[in-house]
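This is a predicted model, so every value here is computed, not measured. When reading the values below, keep in mind they use all heavy atoms of this one structure, side chains included, and skip hydrogens, waters and symmetry mates. We name chains A, B, ... by the order of the sequence lines, and we start the count at 1 in each one.
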Amino acid sequence: MNIFAKHLIDWYKYEGRELPWRETRDPYTIWVSEIILQQTRISQGTAYFHRFIEQYPDVSKLASADEHDVLKLWQGLGYYSRARNMLTAAKQVMEQFGGKFPGTYKELLQLKGVGEYTAGAIASIAYNLPHAAVDGNVLRVLSRLYAIDTPINSTKGKKLFSQLATEMVPKEAPGTFNQAIMDFGATLCTPGKPDCPGCPLSDMCEAYINNSVENYPVKEKKTKVLDRYMHYLFIRHEDRLWLEKRNDQDIWKNMYQLPLIESYEVLLPEQVLHSKEWQAIFDNAQVEVRSVSNEIIHLLSHRKIHAFFYEIQLIKGEVHHPAKPVYLKDIFNFAVPKLIENYLTEKIQITQS
DNA sequence: AAGTCGGGGTT
DNA sequence: AACCCAGACTT
């Protein structure tokens, strides 16, 4: 075994974290944990992991689930394509792999939502196969260890780091090594203020030797954030509220929301009330606009959403909109984006107090 | 190769 | 405000 792997596994033995999904070798359970933890901190994902395994204890249960139920379970976690893809993948396991979770790296890669990282993680942790699992932690650790300037998110960088990681994986303990290097990156070789004095690899770390640890890893690009303006209509009539399902190829696909008037520039309430969209929705109906919320900023990784909530009472007439009236007592059964959840939670509390 | 897709914690 | 988190998919 190479010296890096030896030190990392030794460190892991004493400093590694105890995590729920480390108590099993079941590939389904490990898969669930890996998908949940994509771009997600353990502190945020753990509760979702427990609820997911409780509701869908095996792949056949998940395969026969309703997509909306899975999205509801995923609500608040973000990157909802993960939930939709898991349902697709579960059906793949039932149909293409006869209900048995695929047992090789190549087969794992065929599952929807499983990329190189996740396939390597499952293959190594569940099956002890010698594949690397290169996540953000591994990129950081390797870039420092070898003082590599190639951007980690460039095509060249991905290939290079994947190669390095694969060479480092010891055939004796691939799963243990992959979890060790990830824990090491998450708790010691951290993005800011890494604990170099307490690091068992500092003697061999090129970046530390050059006193340049903070310069690694190198990334190219930055995502530019676009503004979107969402004018949500909280339309009430007696004990019902209008909700619609988002179907477009867009954020929050297949989740529910309040009827929406969207613009790509700032609109005053006066302009919303006189917009074509508004006129089309309410036509000859009689409504009262009870209130308009302040601007609520909802930040996503690549969008800045400016949201406004219009509280509208339908007095009489019809609402011409694909949205359907649902009973207020049922609204929390619908999967909604965090932005909507926050508003509804606050609004219903006020309504009931 | 660049853009899309969430939400939350840390600095 | 910027960065990052057990990334993958689409264009």
Item to check | Whichever of L226(A) and L339(A) has its nearest DNA chain B nucleotide further upstream toward 5' | outcome: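 Final value for this comparison: L226(A).
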Checklist entry - Taking for each residue the nucleotide of DNA chain B with the nearest heavy atom, is it K224(A) or L300(A) whose nucleotide lies nearer the 5' end? => result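 This one resolves to K224(A).
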In terms of side-chain heavy atoms of [X], which of [options] is nearest?
| X | options | value |
| --- | --- | --- |
| K112(A) | dA8(C), dG7(B), dT10(C) | dT10(C) |
| H298(A) | dG7(B), dA6(C), dG6(B) | dG7(B) |
| Q44(A) | dG7(B), dA6(C), dC5(B) | dG7(B) |
| E220(A) | dA6(C), dA8(C), dA2(B) | dA2(B) |
| R140(A) | dC9(C), dC4(C), dG7(B) | dC4(C) |
| S301(A) | dA6(C), dG6(B), dC4(C) | dG6(B) |
| P191(A) | dC4(C), dA6(C), dC5(B) | dC4(C) |
| N137(A) | dG6(B), dA2(B), dC5(C) | dC5(C) |

Within this structure, what is the [atom1]-to-[atom2] distance between [X] and [N], rounded to whole angstrom?
| X | N | atom1 | atom2 | result |
| --- | --- | --- | --- | --- |
| Q75(A) | dG7(B) | CD | C1' | 12 Å |
| R228(A) | dT4(B) | CZ | P | 10 Å |
| I297(A) | dA1(C) | CD1 | P | 10 Å |
| D248(A) | dT4(B) | CG | P | 15 Å |
| E214(A) | dT11(B) | CD | C1' | 12 Å |
| I152(A) | dC5(C) | CD1 | C1' | 12 Å |
| F49(A) | dA6(C) | CZ | C1' | 13 Å |
| I296(A) | dG7(B) | CD1 | C1' | 16 Å |

Contact class for [X] (heavy atom, under 4.0 Å): base, sugar-phosphate, or nothing?
| X | answer |
| --- | --- |
| L19(A) | base |
| V114(A) | sugar-phosphate |
| W21(A) | base |
| I36(A) | nothing |
| G185(A) | nothing |
| G78(A) | base |
| K253(A) | nothing |
| D250(A) | sugar-phosphate |
| G192(A) | nothing |

Looking at [X], does any N or O in its side chain come under 4.0 Å of the phosphate oxygens OP1/OP2 on [N]?
| X | N | result |
| --- | --- | --- |
| Y80(A) | dG7(B) | yes |
| W74(A) | dC5(B) | no |
| R303(A) | dC5(B) | yes |
| K193(A) | dT11(B) | no |
| K304(A) | dG6(B) | no |
| Q39(A) | dG7(C) | yes |
| R41(A) | dT10(B) | no |
| H302(A) | dC5(B) | yes |

Checklist entry - side chain to side chain donor-acceptor pair (under 3.5 Å) between S162(A) and E116(A): does it pass, once the steps are laid out? => result CA-CA 9 Å; S162(A) 170; E116(A) 290 183 23; 4.6 Å; no
Checklist entry - Is the Lys NZ or Arg CZ of R82(A) less than 6.0 Å from the centre of Y79(A)'s six-membered ring, within 45° of the axis? => result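 The answer is no, since R82(A) fails at least one limit relative to Y79(A).
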Can you find a pair of side-chain heavy atoms, one from [X] and one from [Y], that are under 4.5 Å apart?
| X | Y | value |
| --- | --- | --- |
| W278(A) | L233(A) | yes |
| P20(A) | F49(A) | yes |
| L73(A) | R51(A) | yes |

Checklist entry - Between V134(A) and Q249(A), who's closer to the 5' end of DNA chain C by nearest nucleotide? => result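 Upstream on the strand: V134(A).
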Checklist entry - So does T118(A) reach the base of dG7(C) with its side chain, donor to acceptor, closer than 3.5 Å? => result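 Looking at the base of dG7(C), it does not pair with any donor or acceptor on the side chain of T118(A) (distance under 3.5 Å).
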Item to check | R84(A) (side chain) and dA8(C) (base): donor-acceptor pair under 3.5 Å | outcome: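 Absent.
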Item to check | Rounded P spacing from dG6(B) to dT11(C) in Å | outcome: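 To the nearest whole Å, 15 Å.
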Item to check | Between dT11(B) and dA6(C) - P atom distance, rounded Å | outcome: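 Result for the P pair: 14 Å, nearest Å.
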Item to check | Donor-acceptor pair, side chain of D283(A) and main chain of A285(A), under 3.5 angstrom | outcome: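 Judged by distance alone, no pair lies under 3.5 Å.
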Item to check | S212(A) (side chain) donor-acceptor with N215(A) (main chain) under 3.5 angstrom | outcome: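 Judged by distance alone, no pair lies under 3.5 Å.
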Checklist entry - If we ignore angles and hydrogens, is there a donor and acceptor under 3.5 Å between the side chains of E220(A) and N153(A)? => result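 No pair is found: no donor N or O on one side chain lies under 3.5 Å from an acceptor on the other.
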